[in-house]
There are 2 protein chains.
Amino acid sequence: MAPQLDGFFKQVDNDAGHYIERLRKAVAIPSISAEPARRPDVVRMGEFLADELKALGASVELRPLGDQPGHPGLELPPVVLARYGNDKNKRTILVYGHYDVQPAEKSDGWATEPFDLTVDDKGRMFGRGATDDKGPVLGWLNAIEAHQKAGLDFPVNLLMCFEGMEEYGSEGLDDLIVAEAKKYFADAEAVCISDNYWLGTEKPCLTYGLRGCNYYSIEVSGPGADLHSGVFGGTAQEPMTDLTRLLGSLVDTNGKIQIPGIMEQVSPVTPEEESLYDNISFTMNDIHESLGSKTTIFDDKKSTLMARWRFPSLSIHGIEGAFSAPGAKTVIPAKVIGKFSVRTVPNMGIEKTNQAVFKYIEEQFAKLGSKNTMKVYEQHSGKWWVASPKHWNFSAAAKAVERVWGTQPDFTREGGSIPVTLTFEQATGKNVLLLPMGSSTDGAHSINEKLDKRNYVEGIKLLGAYLHYVAEEPKV
Amino acid sequence: MAPQLDGFFKQVDNDAGHYIERLRKAVAIPSISAEPARRPDVVRMGEFLADELKALGASVELRPLGDQPGHPGLELPPVVLARYGNDKNKRTILVYGHYDVQPAEKSDGWATEPFDLTVDDKGRMFGRGATDDKGPVLGWLNAIEAHQKAGLDFPVNLLMCFEGMEEYGSEGLDDLIVAEAKKYFADAEAVCISDNYWLGTEKPCLTYGLRGCNYYSIEVSGPGADLHSGVFGGTAQEPMTDLTRLLGSLVDTNGKIQIPGIMEQVSPVTPEEESLYDNISFTMNDIHESLGSKTTIFDDKKSTLMARWRFPSLSIHGIEGAFSAPGAKTVIPAKVIGKFSVRTVPNMGIEKTNQAVFKYIEEQFAKLGSKNTMKVYEQHSGKWWVASPKHWNFSAAAKAVERVWGTQPDFTREGGSIPVTLTFEQATGKNVLLLPMGSSTDGAHSINEKLDKRNYVEGIKLLGAYLHYVAEEPKV
Ligand SMILES: [Zn+2]
Ligand SMILES: [Zn+2]
Ligand SMILES: [Zn+2]
Ligand SMILES: [Zn+2]
């Protein structure tokens with residue numbers, strides 16, 4: 001039985017201006033987690049959220065996380081834990097979002113003041129955090145408020161977990177999730193995260209997979225200190241010579257990873273999976289536009305999406321210790337550290353991948369016959385995540401999308417990682433759904449970040465509708 | 001007829017303490033040319049020199065060079081031009097030195113205050129500029145003064161050119177040298193530069209060759225802006241992949257340049273040249289010590305010295321535009337610029353070398369089959385220099401060394417470039433001699449720069465004796 005949503009939707013449309021004002025207030029707080037000097041603003045943003053939630057009748061806790069690692073005396077912003085509703089006859093859904101934002105300054109090239117929400121005549125609402133992730137976080141609050149104002153029963157018990165350090169590695173959050181999995185989050189039956197984006201600008205999507213990431217360093221050292229190439233060039237074995245040869249052996253121009261034992265771990269593409277890609281709303285023009293060039297590896301949609309979502313990739317990020325400034329310097333760097341990472345996919349193992357990488361690089365280095373010292377090691381790693389899109393959590397979301405947007409969502413994966421996704425899945429043992437509100441053009445971490453008014457208002461409807469459909473999905 | 005030098009030598013020994021005080025005053029002026037805020041100190045150092053020279057009876061000019069390129073309103077320090085003696089019956093010798101110094105701060109790791117000359121119990125005089133190049137510059141002044149005090153006739157007319165921007169590319173100097181070649185420097189019969197170092201610590205040397213340097217950039221660009229490797233890894237051709245492959249193709253671990261057309265230009269080693277290397281005071285231990293490791297390419301002296309002095313080398317200095325900080329960042333850099341240089345030797349041509357480099361890199365890039373854009377270009381170049389060590393300028397210096405140090409000097413070349421050497425040679429058409437005062441352990445550009453008291457005092461004798469022997473060399 002399709003839920004009655006007309007009253008809710010009407011209320012949301014009526015109150016759109018009010019929701020935009022709420023977003024304006026949130027954007028006005030420059031809650032930049034990467035900048036210690038802004039920490040009071042991040043805390044203020046957490047308190048703003050807590051106050052709004054209390055005003056809506058939620059029970060709220062501000063959970064301290066202690067000092068930031070490496071910054072004695074600098075306290076991490078609190079995690080806002082909240083519960084709205086405690087009815088044993090209703091499903092309980094846990095939602096996650098973050099109230100911190102990326103750094104932003106007008107002088108970075110913003111057309112408008114980044115912390116002053118500015119709506120243009122196309123309904124684009126520009127402001128830091130508008131789409132990442134203040135709009136989606138407020139979406140849940142707005143959905144609650146619309147139910148209250150319209151005199152409608154809220155369909156589920158809603159558990160909320162909003163953190164203030166997401167843009168700086170979610171410091172402290174994993175431990176809290178694990179600790180609360182059987183406590184604060186104990187009755188959560190599914191998890192919903194709204195912190196990603198549509199694949200394009202017109203078609204909503206539900207996201208069920210993310211790649212993992214293993215990040216490596218190759219350190220090559222020889223001389224006791226940096227040398228002058230005039231004095232030592234030709235007489236010393238140079239670490240940069242060895243390092244560029246090693247980095248140059250990892251991957252080819254067309255992204256083919258040269259390390260044996262990586263591709264062998266990748267799940268084969270089934271005909272069923274392959275057919276999924278045909279319907280996805282995505283064109284080569286979309287990627288050329290977001291790339292700002294036509295330098296793609298593939299010329300067709302399916303290969304491109306598969307390369308982004310379900311195949312590993314290897315990127316070389318840079319070199320630490322070498323000359324990196326503009327101009328010319330005739331230095332022979334004594335110790336250089338190359339950085340690269342491998343995006344991982346099912347069924348790659350972190351450790352198995354590490355071993356393949358280490359073995360290959362050690363073999364390549366041995367071939368150089370160098371007297372320099374080489375070390376290769378993992379800097380950090382995060383596992384890939386793939387959920388079952390057949391779960392009732394996804395079915396409910398798909399029905400909500402169809403109701404709100406009049407179209408079936410694309411089921412997508414993403415090339416990047418959102419590590420908290422896997423943490424929630426592993427700690428709670430429940431299905432996790434990524435339900436994006438914004439679109440591919442929102443520019444989450446760029447200048448001129450925006451959220452379209454349409455995506456915000458329909459997104460509030462979508463979050464509310466999702467909870468109604470969740471309430472109606474059969475118990476399993 | 002050997003010149004009478006005993007009175008001069010005795011005076012130098014008597015006044016050693018006074019010369020050290022003069023060096024102390026010079027070191028106390030932090031004439032750091034690289035730091036615009038220190039410009040008044042650099043100017044003050046030039047004025048100090050001018051005043052000392054005037055007190056010795058020299059005629060002195062402070063030549064302005066205009067504003068520093070790229071720094072409107074920041075005047076370059078003046079070149080100190082001076083003449084001591086104007087006797088038509090004497091030879092005229094032009095000497096060059098520089099009164100600016102490298103940056104230095106105690107916190108860089110100095111054991112003593114860098115601008116407070118500190119003499120330890122081994123007679124090591126620590127201080128920025130002690131050996132590079134204030135000690136040698138004052139050497140000329142001290143030699144003049146010793147002659148005056150001892151009542152001895154000065155053997156030559158001395159032209160002096162002391163600049164204040166050597167450590168920052170000698171900005172403005174080339175034009176002045178060219179302009180004055182037939183004016184202020186018109187009667188110079190030979191040039192002597194004391195701004196380099198012995199090959200080791202015990203044996204003096206005369207330097208008759210320097211390598212040149214062609215400095216290149218390889219720029220690879222593709223996407224319109226830096227990308228996130230999660231989103232684009234596997235779908236875009238990455239400029240860093242191409243660049244590391246190109247850089248990795250230039251040279252091997254043992255310094256073998258992979259670019260055709262470079263080694264083909266190198267003058268063959270003659271048996272006569274080869275035999276010169278046998279007697280040179282240098283051991284593999286010396287290079288291992290200065291390298292701070294045993295990661296040399298060769299295990300024998302002759303190959304090592306030839307590789308440093310008379311064969312080209314290729315060094316990769318770094319990459320601009322990639323991630324270069326500590327830590328981990330999952331960026332795909334949109335535009336990266338690899339920097340490398342080729343040290344050049346007789347008879348390599350700058351343009352011929354450029355063409356070989358460009359052709360090779362373009363071929364390598366074509367092989368990659370990349371859609372990215374690649375540009376390779378020369379950033380700057382300076383030609384190699386080799387003088388005739390049979391010239392009377394060198395013979396005189398060799399006799400002076402034997403007289404002062406009791407040993408015949410090594411005739412050496414150097415791997416680095418001192419571009420002003422070639423400018424003097426080309427502008428004046430006269431023989432140029434490099435006559436070092438300090439030793440290989442002086443640490444010219446490092447922390448704890450020093451000049452040994454012995455090298456300073458005997459060095460003053462050497463500069464003076466050189467002028468006496470120059471006066472006695474037959475006219476040619
Ligand atoms: Zn986010
Ligand atoms: Zn973000
Ligand atoms: Zn110097
Ligand atoms: Zn210097």
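Since the structure is predicted, the reported quantities are computational estimates derived from the model, not experimental observations.
- Looking at A:L227, the atoms closer than 4.5 Å to chain B (heavy atoms on both sides) all sit in the side chain, from C-beta outward.
- Chain A forms the most heavy-atom pairs under 4.5 Å with one residue out of B:M240, B:M306, B:H317, and that residue is B:H317.
- Residue contact with chain A, scored on non-hydrogen atoms closer than 4.5 Å, involves the backbone of B:K294 exclusively.
- Proximity to chain B is absent for every atom of A:N196, based on heavy atoms less than 4.5 angstrom apart.
- Side-chain contact check for A:N214 and A:T353: no donor-acceptor pair (N or O, by modelled atom type) lies under 3.5 Å.
- Proximity to chain A involves both the backbone and the side chain of B:I316, based on heavy atoms less than 4.5 angstrom apart.
- With a 4.5 angstrom heavy-atom cutoff, A:A325 touches chain B only via backbone atoms.
- With a 4.5 angstrom heavy-atom cutoff, B:Q379 touches chain A only via side-chain atoms.
- The local environment of NZ in B:K371 is crowded, with over 12 non-hydrogen atoms from other residues, nucleotides or ligands closer than 6.0 Å.
- With respect to chain A, the highest number of heavy-atom pairs below 4.5 Å among B:S217, B:S341, B:G321, B:G248 belongs to B:G248.
- Only the side chain of B:R343 has a heavy atom closer than 4.5 Å to any heavy atom of chain A.
- Contact record, B:F298 with B:A307: CE1-CB, 3.6 Å, taken as the closest heavy-atom pair.
- When heavy atoms are compared at a cutoff of 4.5 Å, B:F311 does not approach chain A at all.
- If you measure heavy-atom distances from B:S249 to chain A, the contacts under 4.5 Å come from the backbone alone.
- Both the backbone and the side chain of B:A236 come within less than 4.5 Å of a heavy atom in chain A.
- In terms of the side chain to side chain donor-acceptor pair (under 3.5 Å) criterion, residue partners of B:Q102 (sequence neighbours excluded) are, by chain and number, B:E167, B:H445.
- Proximity to chain A involves both the backbone and the side chain of B:P326, based on heavy atoms less than 4.5 angstrom apart.
- Using a 4.5 Å cut-off between heavy atoms, B:L314 contacts chain A through its backbone alone, with no side-chain atom that close.
- Residues B:T412 and B:T207 bring a donor and an acceptor atom of their side chains to less than 3.5 Å of each other.
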